[in-house]
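All chains are named by letter (A, B, ...) in the order of the sequence lines, taking the proteins before the strands, and each is independently numbered beginning at 1.
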2 protein chains.
Amino acid sequence: MSQVRPMRADARRNYERLLKAAAVAFAEHGENASLDDIAKRAGVGSGTLYRHFPTRQALLEAAYVDRIEAIAARADELAKELPPGEALVEWLNELCAGTIQVRGMKALLGSAVTDGSSLAVTACGTSMKEAAGRLVEAAQREGTLREDLEPIEVLRLAHGVATASELADGRGEHIRRYLSLLTDGLRP
Amino acid sequence: MSQVRPMRADARRNYERLLKAAAVAFAEHGENASLDDIAKRAGVGSGTLYRHFPTRQALLEAAYVDRIEAIAARADELAKELPPGEALVEWLNELCAGTIQVRGMKALLGSAVTDGSSLAVTACGTSMKEAAGRLVEAAQREGTLREDLEPIEVLRLAHGVATASELADGRGEHIRRYLSLLTDGLRP
DNA sequence: GCACTAAACGGAGACAGTCCCCGGTTATCT
DNA sequence: AGATAACCGGGGACTGTCTCCGTTTAGTGC
């Protein structure tokens, strides 16, 4: 990248602290947690926060990249353990659970699959789409998934399922049911 | 109700003005439109706004009750024109379109189907659920809808579909497709 | 018409959040 | 050690929320 010179030691330290504080705050108060408060928790001035992360989105993303990468990586594990169709469903289930449980991750995952969003092209957005792509394609080859589905559409629908489950109880206990309603359809 | 004495003329006038201003502002800027700005547009002090509508929710609801009642009423029209299964799908389609197009109505419709929400028990929440109930039951009797579906679940899933469509393009052009994916399922 | 009163008004102000700016500090290189 | 580029951090302008309370006004009885 353009990172010619490595980050200065203090900069790197503050960066890390902010990330930790942000993860906690976003998980606690959702995506609208106070940024100045995050800076305070990290023991850092708010200027420092805004320099490292120009927007709320940027911080949100940075705070949860690894968690999202983990979900993406989980796709391949599941692909080894289960037949394609089941692997996809199981993965979507875990994805939805993550979406709901970690309060501020929903906005992030949402904008990752939003058409025209700046986040759509960043690292974690693409690895989610690639992970979904592999599972979707495998399931389609196997014949357990409609041919006309794009991976990103599956992700969007999963986001919809997460939303619906959240409305139901806020804890994600309905995910499995709503996901199976989606896969099987609403007809008898 | 407890409305022993009719509202004073000036109160009623301001109430109406606020409602109009709110509808415009919420449609323009979404559910987070500035309340003080709404008061200003209505030519009214902010105290007046907060007296009439203690919470943002209350104003949001008041601003869109009639529109929501209209959607609920539309259910019965469709029930006359179409066979039950199609009527339900068509209604959900219109519902999703409304959810997306009028920015600010999404939050309202969402909390109407949220478990434990205060809005769940108010007038427009119940009439939505009743309208959905009639269509759902008819479709189930007809045999084109799974027996184990609760009306409120259908509303929640529709909300999910609206969310997914919004992610896709923000204009609702994908509603029909995502709705049919839901009804038919993701399998071939 | 007029005076009275309860209801309603409205805007000042306390508070919280966002974000930028810039004087001061510090890590790193020579 | 000294130079310098990078970085720090908090003060402050701005916007939005929501309450409090002195002032105004609609409605009522005479």
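Heavy atoms of R56(B) sit under 4.0 angstrom from primed sugar atoms or phosphate atoms, though from no base atom. D10(A) comes within contact range of the sugar-phosphate backbone alone, with a heavy-atom separation under 4.0 Å but no base atom that close. Among the protein residues, D37(B) comes within range of no part of the nucleic acid, since none of its heavy atoms lies under 4.0 Å from any strand. Using a 4.0 Å heavy-atom cutoff across all strands shown, T48(A) reaches at least one base atom of the nucleic acid.
For N14(B) against dC9(C), a side-chain-to-base donor-acceptor contact under 3.5 Å is absent.
Taking the six-membered ring for Trp and thresholds of 30 and 60 degrees, Y64(B) and F26(B) have ring planes inclined between 30 and 60 degrees apart.
In this structure, G45(A) and L35(B) both approach DNA chain D, and ranking their closest nucleotides by distance from the 5' end singles out G45(A). Both V44(B) and R8(B) sit near DNA chain C, but only R8(B) has its closest nucleotide nearer the 5' end. Comparing A33(A) and Y15(B) by the nucleotide of DNA chain C that holds the closest heavy atom to each, the one mapping nearer the 5' end is Y15(B).
Note on S34(B): a side-chain N or O is less than 4.0 Å away from OP1 or OP2 of dT17(D). Contact check, H52(A) against dC8(D): a side-chain N or O comes under 4.0 Å of OP1 or OP2. In this structure, Y50(A) does not reach the dC20(C) phosphate: none of its side-chain N or O atoms is under 4.0 Å from OP1 or OP2.
Under a 3.5 Å cut-off, the side chain of E31(B) and the backbone N or O of M105(B) do not form any donor-acceptor pair.
T144(B) and E142(B) form a side-chain donor-acceptor contact under 3.5 Å, judged by distance and modelled atom types alone.
The minimum heavy-atom distance between L149(A) and V136(A), with the atom names listed, is O-CG1, 4.1 Å.
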